[in-house]
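Input: a single structure, listed below in structure tokens.
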Amino acid sequence: MTDTHSYKVLYFAWVRESAGVDEDDIALPVGATGDDLKAHLLDVYPALKERADKLQLAINQSHADWSTQLTAGDELAVFPPVTGG
Amino acid sequence: MTDTHSYKVLYFAWVRESAGVDEDDIALPVGATGDDLKAHLLDVYPALKERADKLQLAINQSHADWSTQLTAGDELAVFPPVTGG
Amino acid sequence: MFSVRVQEADFDIKADMAASLHDEAGIGAVVTFNGVVRPEVNGKVLKTMTLEHYPGMAEQQLRALLEEARTRWPLDAGLIIHRYGRLYPGDNIVLVVTASKHRHAAFEAAEFLMDWLKTKAPFWKKEELADSGPHWVEERATDLAATDRWS
Amino acid sequence: MFSVRVQEADFDIKADMAASLHDEAGIGAVVTFNGVVRPEVNGKVLKTMTLEHYPGMAEQQLRALLEEARTRWPLDAGLIIHRYGRLYPGDNIVLVVTASKHRHAAFEAAEFLMDWLKTKAPFWKKEELADSGPHWVEERATDLAATDRWS
């Protein structure tokens, strides 16, 4: 059994609609990166695969690259490109 | 005796103060240009000589070059560079 | 004063400008940008739109934008208000106010804030057109290009 | 609506914006520029200033500026209000409003109008500083350069 951290993951816009929930608690192996989170989400929510290249990540409310390594306690969020203004 | 046209000439800002009047009626020979008007004004109001290079001309409420030939009935105005806004 | 607000309520351009500029003595130039819901999208009538946002991150990003603008231009005051929720054609969406002694600084900072806001602030528009179902607005390549020119 | 006003009275940014934008259905972006009398000039306290203008030509030049802006950008509405007479620190001097479907058009047109206004509209400022007599403001080389960049 691998050691894991549990992360709160928020969804917005069509990511939220594809997931069917506003947020999840997701356990990922210690040392996991954003890419690991993305692979997990595409697995759990296959509807996201269609536009997987559009997905963006925020860590602790700042935009982040998918390659970033996650830290226990991080607030994660996944969403499409922003369209405000 | 030369034929002349009479022009209404308005002054603004320090041109007005140097002239000591708001406006004049000035007779200039038929065919006169803005430069002739300027020469006349420097003659009549020598205080303008100090900053003669700053003087600007408007003909019928549009900015104009001093070389422009004047036409009977033109409304002329002489003023410094504008500083509004 | 520098401040950001994310709110469902409408804003009052005059009152919010005045509050933002209160006690700023040196100001000579104030630029405002007001974004409004347009009645048409690509020639189709827009019935309504819903603006979703990421609470917390939205405010944080807007504050970060203002801070970035202050490092680039000599600003005396700055304000960003962005609405969320259900909006109709003609409704206010966003207000940006910048104030400076120098008009070009105020103009450039306001344009910069709008350009960056469009690609960095976590808001998402869902439109309902008269003749089709609701859909999420796609990001625009021109907005990305507009952001890049400040890099 | 496109209009210009030259007046001694103060203006009301909100009311004048609203009047200018009335019935303009397609607008998405509104930019305003508000120029205000500054309390200091080169570190010296300004007591008051007087704005002289050339009645008739002032309105005509402002209208010509708006027309020129309309040939360059797709504007839906435009407004220029310029005051004259005695003004004190903090008083409004000038208001420019531009509206367009496109925010960059609205921003650029507003900046263009201010740049051209500074070197073409017949207004002259006479300042009274706390420690010296009244003097006419000199034109600024930076304003001329700002005008040239639109040529």
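Small disclaimer: the values here were computed from a predicted structure and weren't measured. Within every chain, numbering begins at 1; the chains are lettered A, B, ... in the order of the sequence lines, protein sequences first and strands thereafter.
- Comparing D12(C), V94(C), I93(C), I13(C) by heavy-atom pairs within less than 4.5 Å of chain D, the highest count is held by D12(C).
- A 4.5 Å side-chain heavy-atom check between V31(D) and V31(C) finds at least one atom pair inside the cut-off.
- Atom CZ of R140(C) sits in a sparse spot, with 12 or fewer heavy atoms from other residues, nucleotides or ligands closer than 6.0 Å.
- By the side-chain hydrogen bond (donor to acceptor under 3.5 Å, both in side chains) test, E127(C) pairs with H135(C), sequence neighbours left out.
- Chain D is approached within less than 4.5 Å, heavy atom to heavy atom, by K101(C), R103(C), H104(C), F107(C), A110(C), E111(C), M114(C), D115(C), K118(C) from residues 95-124 of chain C, ordered by number.
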